[in-house]
Trainee: 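Handing you a structure now.
Below, chain A is the first sequence line, B the second, and so on; all start at residue 1. Below, each value reflects all heavy atoms present in this structure, side chains not excepted, and no hydrogens, waters or symmetry copies. All of these numbers come straight from a predicted model, not from anything done at the bench.
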Number of protein chains: 2
Amino acid sequence: MTGVTRKAPMRIGELAAKAGVSVRALRYYEEQNLLASARSPSGQRQYPHSAVDRVQLIQQLYAAGLPSKTIVEMLPCIETGEVTPVLLDRLSAERDRIDEQIGSLVSTRDRLQRIITTATRAKNVGHRCPGWVGPPPP
Amino acid sequence: MTGVTRKAPMRIGELAAKAGVSVRALRYYEEQNLLASARSPSGQRQYPHSAVDRVQLIQQLYAAGLPSKTIVEMLPCIETGEVTPVLLDRLSAERDRIDEQIGSLVSTRDRLQRIITTATRAKNVGHRCPGWVGPPPP
DNA sequence: CTAGAACCTGACGTTGACGTCAGAGGCAAG
DNA sequence: CTTGCCTCTGACGTCAACGTCAGGTTCTAG
């Protein structure tokens with residue numbers, strides 16, 4: 001026996017569903033060289049199972065604010081585990097950038113939390129919000 | 001004596017410099033009702049000193065991914081300290097959203113860190129991309 | 001075989017936060 | 001007064017990550 005479990009190759013709709021993105025997004029990723037696909041004789045895209053993970057990684061990096069240009073430079077080596085010193089620097093730089101972003105978000109969150117706490121404790125609740133803060137005194 | 005130190009009112013260029021944003025951005029904020037200004041007789045914008053802080057708050061909220069529509073609903077009450085129950089829910093919701101965003105960023109950061117660590121330890125360096133010969137790892 | 005779902009390419013539309021340019025005026029210095 | 005910088009309004013340009021539509025092919029269920 002072959003030992004190979006033959007199943008129909010994953011098409012774009014299935015990948016989109018499994019990865020939680022739109023079909024359009026996947027074609028866009030391919031356009032940006034973020035995601036490759038084999039083609040059936042009739043031209044339909046075919047993906048390996050691992051594509052689900054890859055798409056989710058792409059999403060994660062997008063969510064971290066990386067543009068596709070940066071991602072496309074990082075992805076190949078990330079997948080193979082091979083990396084150049086230059087790329088390593090880049091990865092570290094992005095990690096640091098994300099750290100800063102986290103710090104900024106934390107302070108924003110804290111500021112929001114203080115506002116909430118203060119407002120709740122003071123029970124400054126139930127007034128009508130002023131629609132607009134007027135111009136400053138001369 | 002009046003006790004009032006009269007100084008020339010802050011104009012848009014000065015505010016832009018102090019807040020670290022562009023003049024265009026400030027006019028855009030005004031367009032979006034995020035930032036008010038008094039006008040001189042000749043129509044030039046005048047800002048109070050507190051505007052610097054306000055602009056920085058706006059920037060912080062933008063950086064947290066809030067769109068101006070949301071900010072414009074939150075800002076007046078944030079400044080006055082008064083808040084409606086509805087707005088309080090909104091603030092909490094945004095705080096929670098930011099928390100999720102932080103969590104997502106942390107996991108992305110960790111994933112990047114693992115990649116960096118693994119690649120560094122395995123010394124999988126120098127195979128694919130062209131580049132200079134880097135310094136040795138610590 | 002046929003209907004409908006899924007897929008293809010190509011191209012234009014959308015959104016948000018500004019950038020940039022044009023043409024006209026205002027303001028302090030010399 | 002003139003020079004030069006700052007400011008004004010208005011309007012079009014940009015960029016990224018897709019959405020959406022058109023017009024055609026392919027796959028699959030009955």
Trainee: Please enumerate all residues that pass salt bridge (charged side-chain N to carboxylate O under 4.0 Å, His left out) together with B/Arg90, with sequence neighbours excluded.
Mentor: B/Glu73
Trainee: To the nearest Å, give me how far apart CD (B/Glu30) and P (D/dT7) are.
Mentor: 14 Å
Trainee: Between which nucleotides of DNA chain C, read 5' to 3', does contact with chain B run, using atoms under 4.0 Å from its heavy atoms?
Mentor: C/dA17 to C/dC27
Trainee: Among all residues two or more places apart in sequence or in another chain, which pass the ring pair (Phe, Tyr, Trp, His ring centres under 6.0 Å) test with B/Tyr62?
Mentor: B/Tyr29
Trainee: Taking the nucleotide of DNA chain D with the nearest heavy atom to each, does B/Ser42 or A/Tyr28 sit closer to the 5' end?
Mentor: B/Ser42
Trainee: Could you pick out which residue, B/Glu14 or A/Tyr29, lies toward the 5' side of DNA chain D when each is mapped onto its nearest nucleotide?
Mentor: B/Glu14
Trainee: Please name all residues satisfying side chain to side chain contact (heavy atoms under 4.5 Å, CB included) with B/Val86, sequence neighbours left out, ordered by chain then number.
Mentor: B/Thr84
Trainee: Which residues pass the side chain to side chain contact (heavy atoms under 4.5 Å, CB included) test with A/Gln60, not counting sequence neighbours?
Mentor: A/Leu57, B/Ser107, B/Thr108, B/Arg111
Trainee: Toward the 5' end of DNA chain C, which comes first, A/Gln46 or A/Arg24, by nearest nucleotide?
Mentor: A/Gln46
Trainee: Using whole Å, report how far CD1 of A/Ile12 lies from C1' of D/dC18.
Mentor: 13 Å
Trainee: Mind jotting down which residue pairs meet the ring pair (Phe, Tyr, Trp, His ring centres under 6.0 Å) criterion with at least one end in residues 67-96 of chain B? Sequence neighbours excluded, please.
Mentor: none
Trainee: Specify the separation, in whole Å, of atom CD of B/Glu31 and atom P of D/dG10.
Mentor: 10 Å
Trainee: Sequence neighbours left out, what passes salt bridge (charged side-chain N to carboxylate O under 4.0 Å, His left out) with B/Arg27? Give chain and number order.
Mentor: none
Trainee: Please list, by residue number, the residues of residues 100-107 of chain B whose heavy atoms come closer than 4.0 Å to an atom of DNA chain D; answer none if no residue qualifies.
Mentor: none
Trainee: Going by an N to O cut-off under 4.0 Å, is there a salt bridge joining A/Glu94 and A/Arg97?
Mentor: yes
Trainee: Calculate the interatomic distance between A/Gln59 atom CD and D/dA17 atom P; express it in whole Å.
Mentor: 11 Å
Trainee: Going by the rule salt bridge (charged side-chain N to carboxylate O under 4.0 Å, His left out), which residues pair with A/Glu30 if we only count those two or more places apart in sequence or in a different chain?
Mentor: A/Arg39, A/Arg45
Trainee: Return each pair, listed once, that meets ring pair (Phe, Tyr, Trp, His ring centres under 6.0 Å) where at least one residue sits in residues 65-111 of chain B; pairs must be two or more places apart or across chains.
Mentor: none
Trainee: If you take any heavy atom closer than 4.0 Å to DNA chain C, which residues from residues 63-71 of chain B end up in contact?
Mentor: B/Leu66, B/Pro67, B/Ser68
Trainee: I'd like to check the salt bridge (charged side-chain N to carboxylate O under 4.0 Å, His left out) partners of B/Arg109; sequence neighbours left out, ordered by chain and number.
Mentor: A/Asp99
Trainee: Look at A/Ser22 and D/dG19 and indicate whether a side-chain polar atom (N or O) is within less than 4.0 Å of OP1 or OP2.
Mentor: yes
Trainee: Using side-chain heavy atoms (C-beta onward) and a distance below 4.5 Å, is A/Ser92 in contact with A/Arg95?
Mentor: yes
Trainee: Verify the contact: side-chain N or O of B/Arg45 to OP1 or OP2 of D/dC8, cut-off strictly under 4.0 Å; return yes or no.
Mentor: yes
Trainee: Would you kindly give the CZ-to-P distance between A/Arg11 and D/dT25, to the nearest whole Å?
Mentor: 18 Å
